[in-house]
Protein chains: 2
Amino acid sequence: MHSSAEENYLKAIYKLQEANGEMVATSALAQVLGIHMASVTDMLKKMSAKKLVAYQKSKGFKLTEKGRLAAIGIIRKHRLWEVFLVDKLGFRWDEVHEIAEQLEHIHSQELIDKLDAYLDFPKADPHGDPIPDAKGNFALNKSVLLAALPPGSQGKFTGVTDHSSAFLNYLDKIGLSLGDPVKVKEVEEYDKNYTLMLKGKKAVVVSFKVANSLLISE
Amino acid sequence: MHSSAEENYLKAIYKLQEANGEMVATSALAQVLGIHMASVTDMLKKMSAKKLVAYQKSKGFKLTEKGRLAAIGIIRKHRLWEVFLVDKLGFRWDEVHEIAEQLEHIHSQELIDKLDAYLDFPKADPHGDPIPDAKGNFALNKSVLLAALPPGSQGKFTGVTDHSSAFLNYLDKIGLSLGDPVKVKEVEEYDKNYTLMLKGKKAVVVSFKVANSLLISE
DNA sequence: AATAAAAATTAGGCAAGCCTAATTTTGCAA
DNA sequence: TTGCAAAATTAGGCTTGCCTAATTTTTATT
């Protein structure tokens, strides 16, 4: 079994690879984990020895297949627990991240299998992030950033790329929830503000920063 | 916040005090925690500095009020999670201890409050052990050991003092479940075997060892 | 190619929690 | 009361995962 520290490295490396391509730098990892580079070098040496990551001289490192599967397992646990916290316990979507960060390190395959079944095999967490199945496969979601859509486009709001409480609360405030239909009415050239039509013909104007944090599908 | 190691000490000390009276010995703690005495001495020095336990020269040590409340909080979490695992996820009563040992160390007061409400404020865990409320109070249960009852007595089976899988599975096998009525039909003087009448007029003969692990109320 | 800045690694340390071995303290029996 | 055994503590060490400071390697710029 892996330690919590190792699991946090695995998750962080996985996410960095997702976001920035193949190879991950020591400095990038240090930054997202909030620790010093020397510590990262240390830990990666140990994780290399365990065949969880592979170095490539002066190019960085990446997860091995073993490491990738372990990382997906942790992400699966995190997201299932988030669903539990919101759907069953009644937490708000901006409150669950820290608790799930702890729960994701509980070691019991049977627990996760039963939790998954209890939640009725959800495909996404409360922020729209996809949940891999027990075999590590994601039901692929072909969402795009709202900021990439031209005026006139429409679709369904299915995820966020900014998971901060501040952002999630902002969405609550303008009345935008996961699954809602969204139409891009107008894009102001000058400041890139987006005018959106929401459910119930409600028009809202959001900044590019916001448009760049919303994922749209369909 | 306390570390998992500290929490395990707190829980162990609490249980030893419950079972054997006030003062707890280094050796007893080392034994139940499965570690060496020197390690216990180390840790207790640290926990003393934090005012979680109080030494009494050459008499042993005991929990301070602060330590007692912390211990009860951990026991509360452990038992609530056990209820969740059995009632919601469908685990058997002999399977939940190890998983709850991990879950009890999750730090979030709000999580426990919501879990408690979600489970409808249970008063006992799947083994009949009482669950303290949010203020640390146990709804007192005045159960007695079956082995202390004379022939002819009857009551309800409300708890066990042996939590091993082997014992719990044995109870399943003879068809005895928490809450069932039990009557002591006969006690054999020679070998102290107990003949019990269970639900549906089923008679079973159990050893003294078994009678000594069953708690009866009412 | 020279060199400065950025990235990475090495070296040495620290706290938590455990260990073994050695020593001291305590308690009980003769 | 002595003396031995059990209990407890001290001393020194180890691993994990982090730290700072110093050094080396890489990369980018001129």
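A, B, ... follow the sequence lines: proteins, then strands. Residue 1 opens every chain. Hydrogens, waters and symmetry mates play no part in the numbers below; they use all other heavy atoms, side chains included.
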Angle between ring planes, A:W81 versus B:F84, binned at 30° and 60°: parallel, tilted or perpendicular?
tilted
Within 45 degrees of the axis of the six-membered ring of B:F91 and under 6.0 Å from its centre: does A:K114 put its NZ or CZ there?
yes
Has the side chain of A:K123 got a donor or acceptor atom that lies under 3.5 Å from a matching backbone atom of A:G128?
no
Donor-acceptor pair, distance only, cut-off 3.5 Å: does the side chain of A:S165 make one with the backbone of A:D94?
yes
Nearest-Å distance, CE (A:M47) to P (D:dT16)?
13 Å
What does the B/S/- profile of nucleotides 8-19 of chain C look like, 5' to 3', with a 4.0 Å heavy-atom cutoff to protein?
BBB------BBB
Cation over ring, B:K46 on B:Y9, under 6.0 Å and within 45°?
no
